[in-house]
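Written out below as structure tokens is the structure these notes cover.
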2 protein chains.
Amino acid sequence: MPTPSTPRSDRSSSSTTKEKILDAAEELFSELGYDATSLRAVTKTAGVNLAAVNYHCGSKLGLFRAIFERRIGPLNRERLAALERARERVGEGKVIPLGEVLRAFFEAPVRMAAREDPGFRRFLRIAGRMQSASGDHANALVPVFAEVREHFHAALRAALPHLDDRDFSWRLHLLIGAMCTLFADPQRIAILSQGHCDPENPDEVLAQLIAFGKGALGAPSKEPLDEDGAAEGPA
Amino acid sequence: MPTPSTPRSDRSSSSTTKEKILDAAEELFSELGYDATSLRAVTKTAGVNLAAVNYHCGSKLGLFRAIFERRIGPLNRERLAALERARERVGEGKVIPLGEVLRAFFEAPVRMAAREDPGFRRFLRIAGRMQSASGDHANALVPVFAEVREHFHAALRAALPHLDDRDFSWRLHLLIGAMCTLFADPQRIAILSQGHCDPENPDEVLAQLIAFGKGALGAPSKEPLDEDGAAEGPA
DNA sequence: GTCTATAGACTGATAGAC
DNA sequence: GTCTATCAGTCTATAGAC
């Protein structure tokens with residue numbers, strides 16, 4: 001329950017007006033959602049004048065896009081660089097193992113969120129929520145994820161030759177949905193698991209996402225003949 | 001035999017005012033979201049007077065809750081009945097196999113959405129979106145899912161003895177997130193998969209959800225020693 | 001139960017002084 | 001670039017006639 005009451009001391013002094021607006025908007029959008037956040041609440045939280053948001057960003061939709069412009073570049077760059085490193089590690093033309101591709105996909109957002117910039121955490125919440133949102137603001141950033149999606153789609157496809165196109169698309173979509181739900185509200189799992197899970201621990205989050213993704217994507221493409229569906233234990 | 005309450009008929013003419021309101025609200029909430037939907041739009045779509053929503057539901061939040069009250073009972077009942085049938089099938093006190101539990105969990109929403117009541121499809125979209133939403137309307141229906149969650153939590157836990165509590169909680173949470181993302185926007189996978197996936201086909205949806213869930217939940221609890229993460233193919 | 005009319009507050013956006 | 005003041009529209013909710 002963020003109250004747009006008093007300006008935050010830590011961001012009101014040494015930031016530009018636009019940065020203050022983006023920080024405040026990131027906070028409010030992440031907690032209330034786009035529609036429930038008013039520009040008045042944003043400017044009040046940022047400690048700037050109401051008219052400043054239209055001056056710097058043009059409109060409410062422009063403000064939303066500006067949030068993504070600030071964060072998505074570093075995130076995408078890091079993800080693609082990690083994939084490239086994995087590719088070089090296995091050698092030219094060889095298939096990158098599934099676990100390596102998944103690590104390259106999950107590691108950047110998890111680590112960047114943990115690197116104590118609270119803004120990035122909030123951004124990730126907004127981005128995760130967009131997976132199941134609609135409206136102009138959601139549509140505005142479909143292309144923003146396209147390049148990363150294409151690269152990882154190809155790498156994952158190569159790592160999963162035993163799946164046909166349909167199975168592969170289903171599982172990838174569901175996996176991205178699982179990730180987005182986690183990013184959209186990391187605290188939920190801490191509550192529902194009664195403390196068993198710690199979404200603040202990046203190593204734990206990463207290991208769980210990779211294990212989940214490997215199991216989900218790598219499962220056999222046809223039902224086994226016998227009944228019990230539990231995969232063979234580790235032994 | 002003229003009955004005062006028509007149990008099932010076409011949309012606008014032979015429904016009560018409250019049903020017309022609920023149908024319209026279901027449609028608009030599912031497409032625009034709670035915050036972006038105004039009561040004016042609801043009453044206009046329903047073809048009723050603006051004041052009727054406050055008379056029948058009390059408030060906008062009351063309208064939202066009324067939508068869930070109408071749909072959640074049949075859904076929960078069907079899910080719990082399916083779990084009970086699975087339990088009787090395997091015998092008293094025996095562990096229900098993972099695949100059977102997952103089928104009991106996924107089958108009711110998938111089949112009910114396909115059973116050509118467009119309202120239930122929309123309801124499922126709203127419910128799926130709530131997984132990554134916040135605000136009064138989202139908080140209002142946490143208890144609504146509690147009973148089903150507890151029963152399936154216990155059944156899944158018993159089917160997965162090789163996992164510790166932490167791994168189990170992580171995977172269950174991620175799996176529910178994957179399901180909710182699918183329900184929140186079934187058309188997205190049709191577009192992104194370029195037609196490979198058909199979210200309108202309940203058999204396909206169900207089979208994919210179960211295969212995904214079995215792989216994700218049933219994966220080994222520790223990393224295998226060797227590198228390649230792709231699970232063994234079906235051969 | 002259904003309607004009209006409206007209260008009271010909030011919304012995004014802009015004009016124009018400084 | 002930053003401010004005040006304001007426009008024109010929206011919102012939820014309610015009072016009161018019928």
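Quick note on labels: first sequence line is chain A, next is B, and so on, each numbered from 1.
Stacking of A:R71 on the aromatic ring of A:F120 is not recorded, the 6.0 Å distance cut-off and the 45° axial limit not both being met.
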What's the verdict on side-chain hydrogen bond (donor to acceptor under 3.5 Å, both in side chains) for A:D167 and B:Q208, showing C-alpha distance, side-chain angles and the deciding distance?
CA-CA 7 Å; A:D167 288 351; B:Q208 292 293 341; 2.6 Å; yes
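Between the OH atom of A:Y34 and the P atom of C:dT11 there is a distance of 14 Å, rounded to whole Å. D:dT2 atom P lies 20 Å from atom NZ of A:K44, rounded to whole Å. One atom, CG of A:D136, and another, C1' of C:dG12, lie 14 Å apart when rounded to the nearest Å. When rounded to the nearest whole Å, the span between CG of B:D35 and P of C:dG12 equals 12 Å. In this entry the distance linking NZ of A:K60 with P of C:dC10 reads 15 Å, nearest Å. When rounded to the nearest whole Å, the span between CD1 of A:I21 and P of D:dG1 equals 12 Å.
Toward the 5' end of DNA chain C, the nearer of the two residues A:S38 and A:G58, judged by each one's closest nucleotide, is A:S38. In terms of position on DNA chain C, the residue among A:L39 and B:K18 whose nearest nucleotide sits closer to the 5' end is B:K18.
Inter-residue side-chain proximity for B:R166 and A:D198 is flagged as unmet; no heavy-atom pair is nearer than 4.5 Å. Counting heavy atoms from C-beta outward, A:R188 and B:S132 have side chains that stay 4.5 Å or more apart. Side-chain contact between B:H196 and A:W170: absent, with no pair of heavy atoms (C-beta onward) separated by less than 4.5 Å.
In terms of phosphate contacts, A:N49 brings no side-chain nitrogen or oxygen within less than 4.0 Å of OP1 or OP2 of D:dT2.
Out of C:dC3, C:dG12, C:dA15, the shortest distance to the side chain of A:A51 is found at C:dA15. Comparing atom distances between the B:N54 side chain and each of C:dG12, D:dT2, D:dA13 picks out D:dA13 as nearest. In this structure, of C:dC3, C:dT2, C:dA13, it is C:dA13 that holds the atom nearest to the side chain of A:L50. With C:dT2, D:dT14, C:dT14 as the candidates, the nucleotide lying closest to the side chain of B:H56 is C:dT2. Of the candidates D:dA15, D:dT2, D:dT6, the closest approach to any side-chain atom of A:T17 belongs to D:dT2. Ranking D:dT2, C:dA13, C:dT14 by closeness to the A:R40 side chain, first place goes to C:dA13.
Here B:A52 lies out of heavy-atom contact (under 4.0 Å) with every strand. Residue contacts for A:T37: at a heavy-atom cut-off of 4.0 Å it reaches the sugar-phosphate backbone alone, with no base atom in range.
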